[in-house]
There are 4 protein chains.
Amino acid sequence: MTGAMTLQSVPDHSEERRRQILRAAMTCFARRGFHPTTMNDISVEAQISVGLIYRYFDSKDAVITFMASEHLDDLRHVLEQARRAPTLFEALELVSIRHCEEQPEHLHLAFVADLFAEAARNEQVRVLVRDVTQFFIDSVTDLIAASEEAKTVPPGMVPRTAAEIIVDSTRGMMIRAIADSSTLTASQIRERQLAMLRTLWPLLFSRSAPAARVEQVQP
Amino acid sequence: MTGAMTLQSVPDHSEERRRQILRAAMTCFARRGFHPTTMNDISVEAQISVGLIYRYFDSKDAVITFMASEHLDDLRHVLEQARRAPTLFEALELVSIRHCEEQPEHLHLAFVADLFAEAARNEQVRVLVRDVTQFFIDSVTDLIAASEEAKTVPPGMVPRTAAEIIVDSTRGMMIRAIADSSTLTASQIRERQLAMLRTLWPLLFSRSAPAARVEQVQP
Amino acid sequence: MTGAMTLQSVPDHSEERRRQILRAAMTCFARRGFHPTTMNDISVEAQISVGLIYRYFDSKDAVITFMASEHLDDLRHVLEQARRAPTLFEALELVSIRHCEEQPEHLHLAFVADLFAEAARNEQVRVLVRDVTQFFIDSVTDLIAASEEAKTVPPGMVPRTAAEIIVDSTRGMMIRAIADSSTLTASQIRERQLAMLRTLWPLLFSRSAPAARVEQVQP
Amino acid sequence: MTGAMTLQSVPDHSEERRRQILRAAMTCFARRGFHPTTMNDISVEAQISVGLIYRYFDSKDAVITFMASEHLDDLRHVLEQARRAPTLFEALELVSIRHCEEQPEHLHLAFVADLFAEAARNEQVRVLVRDVTQFFIDSVTDLIAASEEAKTVPPGMVPRTAAEIIVDSTRGMMIRAIADSSTLTASQIRERQLAMLRTLWPLLFSRSAPAARVEQVQP
DNA sequence: AATGAATGAGGCTTCATTCAT
DNA sequence: CATGAATGAAGCCTCATTCAT
């Protein structure tokens, strides 16, 4: 039995270390951003030596890239949950709130903002961000298409368009949240996010009538 | 007289140099981001010596901060124009398209993304971004409030809320554009931006009448 | 009995390990040289852990120094054989070819070159190289002095001088072999070495008679 | 006139710096070898900052490679002189003695040994060493072929073979000199080098007769 | 005896900034 | 005003060595 434990705990420990490093890196990245964060910062935060980080990651860039791919995994997880939500609204609530929600300790808004900035210059990260975004929109599109509400959308509004509006405005608001982060608390920001969703909701889904009007606007 | 000329031409020339440096910096920042851009990169781009940059700016950070404030000025200028647009739609078009429009050569998306990322850690930049955002929303709110369309919004939709939706989704879409920048051209991105505005438009404003007006907006 | 076995097998096993490490180190050194070879490289090559190397050697430098002294032992061994060779030519052939002969896989030219370079700065290694060289020349001198051929050398040619010429040109050619190692195969290099010896031979020894002897040497 | 001086001294100064760095590097390399020498060592020796070295050389490896190519240039220069020597003996004397002669301050034997060791692992250096060697042998071959002495060589001895023997034994002796450098002075080493040449000389060139003998040795 | 995770000093290199010309 | 050579702190990464297991 001890043998079994050992067999299990050896890779376990290794994985634990990896996570410890990633957690420390996230803390640092959230605090100062990718580029200004030094490998030493991370090692201090993780309470290990610099050299040890290189046993688990090839380079600083590898840490960033790995962290970005973790972000994609997180998102997948959230959307998995969303798919199981009883109503579309609850599903979207989960998605738009959880998307950039806080880590145990702090919002990783800063991390996500850095990720986007990094995407502008790092091909690998750009592809990741594109995948995340694509997956995000696709999933929300599916959620909408499968829902009751999709049956009563305004004319011209297709699930994908609605999904894009939701995803984009969520992200735009997130950016806004960064600027407001020293004035607003995390829960206030979350509340605001929610409020926007509640406002968009009836515009996107409920309704039946104003077809004529819209027709003219969209040539 | 030489003295007078000098007195007059120096600040003139000085301001020109300043702009030359800023233009070069923007090109570099758009290309590689703040942190990876070196002072040397800028000096080469501006075709001057490194030392000269320090005659006009205290430090690299000062260049970044100054550039951020320029961004605010640009925005003010755009909103000034928007205010003079004949219709709300045209005004919003100006605002949401021009917001992240291209430099002579390329979109400065990367610069804006970096600005947001920087906002997460640099108090000075954060305040600037907050101001930009605030000013942006306020202006759009004013535009809406002053327009004909505001009279026919859906129930519960106030000008400020509509403004927030427009601003946020514009920004969210801009982020999306970064990830897609290697796949899409600048004009395709601009077109997409425009399409979203056209979709949001009837949702936000039309509820009953002003069809005629809108007709004219869409030639 | 177990005790006896342990007492007997431990040093045995220990010596085996030592050799295993040295063999691995030689392979690495031959491949990349002293300095670029890491302790990890050696441990991987020897299929043991890094830590274990330190049970057998105090430091990386100790491995190098020990290996250098092994080189001296090898040489002693070769010269021992040479002394038992039937003719001087065969003896010299052994000496000048075997000197830098191949490991199972490849010439350890690189190792020897590193050894010489190291000699220029490491007193311990320098002394070793001096001893090797001295021993080498002395042995060849003895071989010559004891041979038939020594009786018919050109005027002014003493055994030691002939030995020096042989040793030096052998080494010089070895250096040349390094530069040619990507163009020539190990056996081509060996053949070249041999050809030089055949050329030097009549210059150094023949002056009058022992044709018959020589005939036999070259089958 | 001052202008002319300035125009001349600007590139001059740059070249001077380059040489200053190379001189310092050579001192360090001769003292401790390539790998153990740090960029900091070189900067201290050259009495400049580390960063400045990178203004003149791309990397540490570039310094080494450049230095190696300088070695080739030196050799060319020596052979140029040799070609103008009144007799073959004097020419060879120049070549075999000067080849590894001292810098203003010290023998760069250690540098050359390191060069050979480096050749075993660095393609670029290997090619350089090959070129140096080739050029060396070719030049000596030409010297011999053009000389009076070439008319009276022992049968079977062609200029190229004689050149190879001279070059190889010179190099082998140089290696030997490293091991003896703490026991012998530079001039003693030079004298020994010269003595060997004097011994080889009559073997290689003078002569007429012993054709029959040699014939049998070389099947 | 054996492992290999962990350490941390130290190497190479970059780059913001200064300053003599 | 303008240059760009020069500086040196600081970052990333490697690797000899140690030590708990």
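No hydrogens, no waters, no symmetry mates; every other heavy atom, side chains included, goes into these values.
To the nearest angstrom, C1' of F:dT18 lies 17 Å from NZ of C:K60. As a whole-Å value, the separation of C:L52 CG from F:dT17 C1' is 14 Å. Rounded to whole Å, atom C1' of E:dA16 lies 17 Å from atom CZ of B:F34. Residue C:I53 contributes atom CD1, which lies 12 Å from atom P of E:dG4 at whole-angstrom precision. Between A:R32 atom CZ and F:dG11 atom C1' there is a gap of 12 Å when expressed in whole angstrom units. Note: OH (B:Y54) to C1' (F:dA6) measures 14 Å, nearest angstrom.
The nucleotide whose nearest atom lies closest to any side-chain atom of C:M39 is, among F:dC1, F:dT17, E:dC12, F:dT17.
A:S59 comes within 4.0 angstrom of the backbone, heavy atoms only, and of no base. Counting non-hydrogen atoms under 4.0 angstrom, B:T37 reaches the backbone sugars and phosphates but no base. C:F57 comes within 4.0 angstrom of nothing in the nucleic acid, heavy atoms only.
Under the 4.0 Å criterion applied to side-chain N and carboxylate O atoms, C:D114 and D:R121 are assigned as salt-bridge partners. Between A:E118 and A:R126 no salt bridge is recorded (no basic side-chain N to carboxylate O distance below 4.0 Å).
Remark: C:R19 pairs with C:E70 by the side-chain hydrogen bond (donor to acceptor under 3.5 Å, both in side chains) rule, at least two apart or across chains.
Of the nucleotides present, F:dT3 is the one that pairs with E:dA20 by Watson-Crick or G-U wobble criteria, both distances under 3.5 Å. The partner of E:dT13, taking Watson-Crick or G-U wobble pairs whose two distances both stay under 3.5 Å, is F:dA10.
Remark: the backbone N or O of C:N40 is paired with a side-chain donor or acceptor of C:S43 at under 3.5 angstrom.
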